[in-house]
Q: 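This structure is in structure tokens; I'll ask about it shortly.
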Amino acid sequence: MLPTQLMKDNVILLAPFLTSLFNSSLVSGVVTQNFKTALMKPLLKKVGLDHNV
């Protein structure tokens, strides 16, 4: 996983590569296993809510 700031600092270099990669995936109908996995972190917006639920 890349840190967000690294992605933002190098967007000019990464955008063409990522665009090509995603477009190839859409055209071929093949999605790699890495793109099927996500890390979800819920953000609590109210103070006092139980973060373990």
Side-chain angles (χ1 to χ4, degrees):
M1 181 193 290
L2 290 174
T4 305
Q5 193 59 49
L6 181 63
M7 298 264 305
K8 287 181 178 180
D9 291 344
N10 294 291
V11 69
I12 299 299
L13 296 171
L14 294 173
F17 169 73
L18 292 175
T19 301
S20 175
L21 181 66
F22 295 145
N23 283 338
S24 295
S25 178
L26 290 173
V27 168
S28 68
V30 177
V31 179
T32 64
Q33 187 61 39
N34 291 341
F35 291 149
K36 295 179 183 180
T37 306
L39 175 62
M40 303 294 288
K41 288 186 178 181
L43 299 176
L44 296 178
K45 299 194 180 212
K46 293 185 179 179
V47 178
L49 292 177
D50 185 6
H51 66 278
N52 293 318
V53 175

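Residues take their numbers from the sequence shown, with the count starting at 1.
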Q: Listed by chain and number, what are the side chain to side chain donor-acceptor pair (under 3.5 Å) partners of Gln5, not counting sequence neighbours?
A: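 Side chain to side chain donor-acceptor pair (under 3.5 Å) check on Gln5 returns Asp9.
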Q: Using residues 10-19 as the side-chain source, report each donor-acceptor pair under 3.5 Å to any protein atom, sequence neighbours left out, with the distance given to one decimal.
A:
| residue | atom | partner | partner atom | Å |
| --- | --- | --- | --- | --- |
| Asn10 | ND2 | Leu6 | O | 3.0 |
| Thr19 | OG1 | Ala15 | O | 2.7 |

Q: If you look only at distance, which donor and acceptor atoms sit under 3.5 Å apart when one is on a side chain in residues 24-31 and the other is two or more places apart or in another chain?
A:
| residue | atom | partner | partner atom | Å |
| --- | --- | --- | --- | --- |
| Ser24 | OG | Ser20 | O | 2.9 |
| Ser25 | OG | Val30 | O | 2.7 |
| Ser28 | OG | Ser24 | O | 2.9 |
| Ser28 | OG | Ser25 | O | 3.4 |
| Ser28 | OG | Val30 | N | 3.3 |

